[in-house]
Amino acid sequence: MRNDPVRKSVRRAGARRGKLTAALAALLALATFTVQLGATATAGAVATGAETASGLPGARGDAVTRAFIQTVGATTISNQEALSVFRSWMIDQAGFADSGYVGSIDDLARKAITIMWYGPHTSLLSAIVKEGERRGIAVSVQRRAHSLRQIRAATNEIWQQAAAGEWAGFKISFIAAVGATDDDITVNGTYTADPAERRAPQVRSRATAVMGVPVHVTPGVSADTSTGRDDDFAPFNAGGYMLSPSTGHTCSSGFAVNLGGTSNTTTARHCSADDYQDRAASNRYGTGVRTSTDGGGRVLSATGAALAFDGAYNSNNFWKTVIGYADLGVNDFVCTGGGNSGEHCNIKVTNLLVSFNDGSGSFSTIEGVQQSSGAIAQIQGDSGGPVISLASTSSGQVRAAGMIQGFLGSGMTGSACGAVYDAGGNKCSTNVLFSSMRTVVNSIPGASLRTG
């Protein structure tokens, strides 16, 4: 059915009309295909003042989103919406970037938030607590022994030590630093030398300290990139499936950015080919224009749309409008949308700072873990694809949370990955590492997220 020329012609005609403006795209998708999320509000979705969100996703929607909403419940989505809006308010406050804020932990059942904080109780922290109370959010403070700046510096130092050979006998896979309970750094990886006497002292003892921050070593844990819908065309949506004919390498397109007066599509920086085209046709994604200094993002020369594909890997017809960023806390829920495997929801954020090396250097990612039995979070080929949040959205809308980068562990292959475009030897996993889209865009001079 996907290759039927009549259906494809109809789809392309509708898509070209839809891409004239982001608003028209959302309206066309809702009116014609009736698969977008509804805008039914509930009592739990009430926010305050001008920050009131535009609506809560309702019962209508693609099967994946619908199942997710039914699983977690409308109250959970509504509470995440309120906490996400509150977190965005925090980020906008003067002095926030240099404050003692380390991260936040969301209690979606109670509409409560725990602020992880380093240092003295400042006027900014008092203002955050007061504003949360004004919004009907229960705010508590969890003291942390190290600042976010100290944690990042120690993490970077560990990677530099490894590059200098100071972690002999151990290959670092990733470094986890900001979770719900840990007040230290965990270096995960695999042994590369036997016997144990050939390993560095901190590898043998599985404990050390770097720049004053305690470090634990966990062996036997690997990680990999997620490199790997199929006939999109410019301006490209987020979540398209890309193939490099010269290398056979597959990746996915990410959220569009505005750069130098034009709109460009994006992908992960380890998706390094310059001849990517859509998987099932020959529409070109262009060549590399810029890479982000943080977040592992890469800007491609082809134009991008303020739209993200929706639904299963083979549902090329449906998309939603990107309306802004999503700023996440531990325990929040997101959906992934890589081109090889399509949409997966009910993925819970478990760690806000996981340092990951994609082969071109280390950078900070966020870890998410699939909560639905038998479902995956990503497969190789999804790299670069969008991670979205439904919080603070209405019908036909998503927020840009991140960009798919990789996964932890050895992964699964074949039928264990479920319905995907290309299975074979591609590894899938129930967890996903993704970089913050706000971080990616903010580390590209002059760039901004394209929204509709």
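Note that the structure is a prediction, hence the values are computed from the model and not measured.
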Taking atom types as modelled, find out whether T336 and Q378 have a side-chain donor-acceptor pair closer than 3.5 angstrom.
no
Please list all pairs passing the disulfide (SG to SG under 2.5 Å) test where one or both residues lie in residues 63-105, with sequence neighbours left out.
none
Would D98 and R149 count as a salt bridge (Lys or Arg N to Asp or Glu O under 4.0 Å) here? Give the steps.
CA-CA 9 Å; D98 297 319; R149 182 172 296 175; 3.1 Å; yes
Any donor-acceptor pair under 3.5 Å linking the side-chain atoms of D232 with those of Y241?
no
Is it true that the side chains of N346 and S372 contain a donor and an acceptor less than 3.5 Å apart?
yes
Assess whether a salt bridge exists between D294 and R438, defined as any Lys/Arg side-chain N lying under 4.0 Å from an Asp/Glu carboxylate O.
no
Please determine, by modelled atom types, if S360 and R269 share a side-chain donor-acceptor pair under 3.5 angstrom.
no
Please evaluate residues K320 and D310 with respect to the criterion salt bridge (Lys or Arg N to Asp or Glu O under 4.0 Å), reporting the C-alpha separation (whole Å), side-chain torsions for both, the decisive distance (0.1 Å), and the verdict.
CA-CA 7 Å; K320 292 187 175 76; D310 182 31; 2.5 Å; yes
Going through the distances and angles, do K130 and E133 end up as a salt bridge (Lys or Arg N to Asp or Glu O under 4.0 Å)?
CA-CA 5 Å; K130 183 177 180 180; E133 292 172 349; over 6 Å; no
Working to the nearest 0.5 angstrom, can you tell me the gap between E367 CD and L408 CG?
5.0 Å
Polar side chain donor-acceptor pair, T267 to S253, under 3.5 angstrom
no
Are D106 and R87 ion-paired here, with the side-chain N under 4.0 Å from a carboxylate O?
yes
Of all heavy-atom pairs between W89 and A127, which one has the smallest distance, and what is that distance?
CH2-O, 3.9 Å
Check the side chains of D382 and S341 for a donor-acceptor pair under 3.5 angstrom, ignoring hydrogens and angles.
yes
Quick one: does D274's side chain have a donor or acceptor within less than 3.5 Å of a partner on T287's backbone?
no
Flag, side chain of R298 to backbone of C271, donor-acceptor distance under 3.5 Å:
yes
Given Y101, which partner from the list Y118, F96, W117 fulfils the ring-ring contact (aromatic ring centres under 6.0 Å, His included) test?
F96
Between the side chains of N188 and T186, does any donor sit under 3.5 Å from an acceptor?
no
Distance-only polar pair, side chains of R152 and S364, donor-acceptor under 3.5 Å
yes
How about R143: does its CZ atom have over 12 heavy atoms from other parts shown lying under 6.0 Å from it?
yes
